[in-house]
Each structure stands twice: as structure tokens, then as C-alpha cells.
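Sequence positions, counted from 1, serve as the residue numbers for this chain. Counting starts at 1 for both ligands and their atoms, in listed order.
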Amino acid sequence: MERRVFLQGLALPCILGAAESDARFIAEAKFYEKLPYRKIKCKLCPRECVIDDRERGYCGVRENRGGVYYTLVHSRVCAQHADPVEKKPLFHFLPGSMAYSVATAGCNVNCKMCQNWDISQSRPEQVNAEYLPPKNLAAAAKQSRCASIAYTYSEPVVFLEYVLDAAEAGRAAGVKSVVISGGYVQPEPLKELCRRVDAIKIDLKAYSEKFYREVVNGEMKPVLNALVAIRKAGVWSEIVYLVVPTLNDSDDEFRGLARWVKTELGPDVPVHFSRFHPEYLLKNLPPTPLATLERAKAVCDAEGLRYVYLGNVPGHPAENTYCPKCRRVVVERTGFIVRGMALDAGKCRYCHQPVPGVWDGASRV
Ligand code: SF4
């Protein structure tokens, strides 16, 4: 089943109906600056939208009302589902656990290959949503036996106030929080996010400003800065790179990415090369050939990255985690299923080499 159809199916039982007031979803935004004439400047993402009274920013989920800026999507959940954390994908974070995954409408970029464009490119009024305040979300996660809440499917940066409050409620209830984001965010909100959540997966869309400009409608530099800041904050992070045939699949780009990761983040940050399927505005391109994914991995392996995975190719050996010293399998996976683990307190069972990650609640970054 297509992911979009699946998400729509999830949203349908959650219909609240336009008749209900939306006041419950509105909260003052956290990161903005007041300007003369009741204008505001949003300081949440590098777009820094300047917004007149009664107007919204680019993401469509934040509105200036009389010189005060509001989020319209606090607790306004349009998709919710318990997923394996491997589906996010996070491979070094509580393997085999479930993540209670939620989204609201809206996004601060417009990727031509977006898999969830029907919610990411919609305004809040255009999608069915449920009122799910932070405490209820934490309770739902616990009830579903999820170790974490995942803010995912669309772009958590544009519903940051909800993420911060829900992560706090989750912590109080003993549930962790993981963020699945494009990383197009300003340093201050990112700092606050890092204080509240336990892992962040960044979709690095390419290693080229041209791709960001032409395919994403964003910029790469702020995303690279965000990755460095997350690493410095000591929050567990992983990178996903969706390989789009002809657009971001050259050896030079893979090599540039690998060298940047190794230098700026270190060789232990997992990098997942994921298979593209024709979607949204890039239906003219074929799925990524397996040989291209394997080439990406070979380039990064040769550059010294220690944990390079392939995604959307169930059954491939590059889904497993290998001990960097003795090369034996320490986490065996098929698709999103964990088949076996040979890690004791974060160390390889065979040679005792530490493997970085959050394996049992303790972070070993
Ligand atoms: S979060 Fe939305 S309103 Fe704020 S700068 Fe980014 S796109 Fe504009």
C-alpha cells in the first residue's frame, strides 16, 4: 500500500470536523520577533518569513494575528501510528522498539520527491486532524508499548511548540522522543529541541546547494550546521540520504558527503542510503537501481565511515550492523524487523568493541 494512502487511512477515523473550534490548536509561537506596523519576523527556520497581520508564513501553519505570532497546529495531529523505530529509520536507537509516530500538516520546504506531500504541503484546515494534547500523546505511546514518540511524516520544525511540550510530557511518563526532520532550522530553536529529545534523524537531501535550490526549495548549509550542532549537543543522530537517480547520485557527491561527515561529525554517525520511488513531482524518474545504492555505500566505506546502511531494500546485508573491529553482525535486521542482537551494554558480544548508540536507555555517543 502506498504510504500516502496508508496515512490517509489513519487520518480518517480521526475526523473532528470543521464544526469544532480550532482554538485548542492555537498557541503563541516561541521563536519570532515583533516588527513595526504589527508585522513579525519568524525566527524558527532560516527562511525568516516577514509576515503582515492576518498572513501566514511559507509553511502555512503559523499566523500573525494583530502582531502576535501563533502556531495553528499545537496538538493538531493528522497522522498517528505505532511504527518500528527502524522505519524512521533509526538503527542505533533502542533496536526492536516501537515509536508512536505523529504528524501535523505543514513543511518549511517543498521537496519534489516528497512521499507525504498531501500532509506536508497542506494547510491545517485541509487535512483531517485529531486533538491530541501532550499528556494524551504520552499516554497513547505508553498504552501502545512504545519506547518513544516520533515526530515524523511531515516536518516537526514547523510544529516545534507541540514537539517541545509533548517531549516534556513523554519524559515525565518515561517515554523518549525522537525527531525525524529535514534539519532546516535556526540554531536557537534547535538548541531547545536538543535539550528535550533523545535522538534526531536528519534527512540530508543531497550534498549540493544546487539540489537544495532546485529540488528542495531550501538551502544545504543550515542543515549541515544543524547536524554539527546536534552532534555537539550530544544528542544521538543519524543521517538519511534518499538517492534520486540522475539528481544526487554521483560518486563525487557521495565522496563529498562522506568526507564532510567524517571530518565534521566523526565516522560513527550512521548514514542510510535510501531507495527512491517515483513520487509527487518526480514521477518521471525510475526507482534507484540497487547498484547505485551499493556504489554509494562502497564510496563511503572506502572513506572510512563505519556504519553505512542501505534502506528500502529489505533483505540486503547492508541492513545489518557490523562490529567495526571483528566485523561480525551485532544487530541483524530484515526490513524493519530486528532478527537478533549480539550487543552487551553497547559492546560487541564477540570482541567487546563498543558500538555507539542508545542501546538500552544509555547513550554512548
Ligand atoms: S517556520 Fe514557517 S513561518 Fe517560520 S520562517 Fe520557516 S517557513 Fe517561515
*Side-chain donor-acceptor pair under 3.5 Å between Tyr309 and Glu319, yes or no?*
no
*Of all residues at least two apart in sequence or in a different chain, which pass the side chain to side chain donor-acceptor pair (under 3.5 Å) check with Glu214?*
Lys210
*What residues form a ring pair (Phe, Tyr, Trp, His ring centres under 6.0 Å) with Phe159, not counting sequence neighbours?*
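For Phe159, no residue satisfies ring pair (Phe, Tyr, Trp, His ring centres under 6.0 Å) once neighbours in sequence are set aside.
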*Can you list the residues that meet the ring pair (Phe, Tyr, Trp, His ring centres under 6.0 Å) rule with Phe276, with sequence neighbours excluded?*
none
*What are the atoms of ligand 1, with element, lying closer than 4.0 Å to any heavy atom of Tyr69?*
3 (S)
*Decide if the gap between the ring center of His272 and the ring center of Tyr241 is smaller than 6.0 angstrom.*
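So the answer is no for these two rings.
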*Would the His74 and Phe25 ring centres measure less than 6.0 Å apart?*
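No; Phe25 has its ring centre 6.0 Å or more from that of His74.
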*asked:* Short of 2.8 Å from atom 4 (Fe) of ligand 1, name each protein N/O/S atom, waters not counted.
replied: Cys42 SG
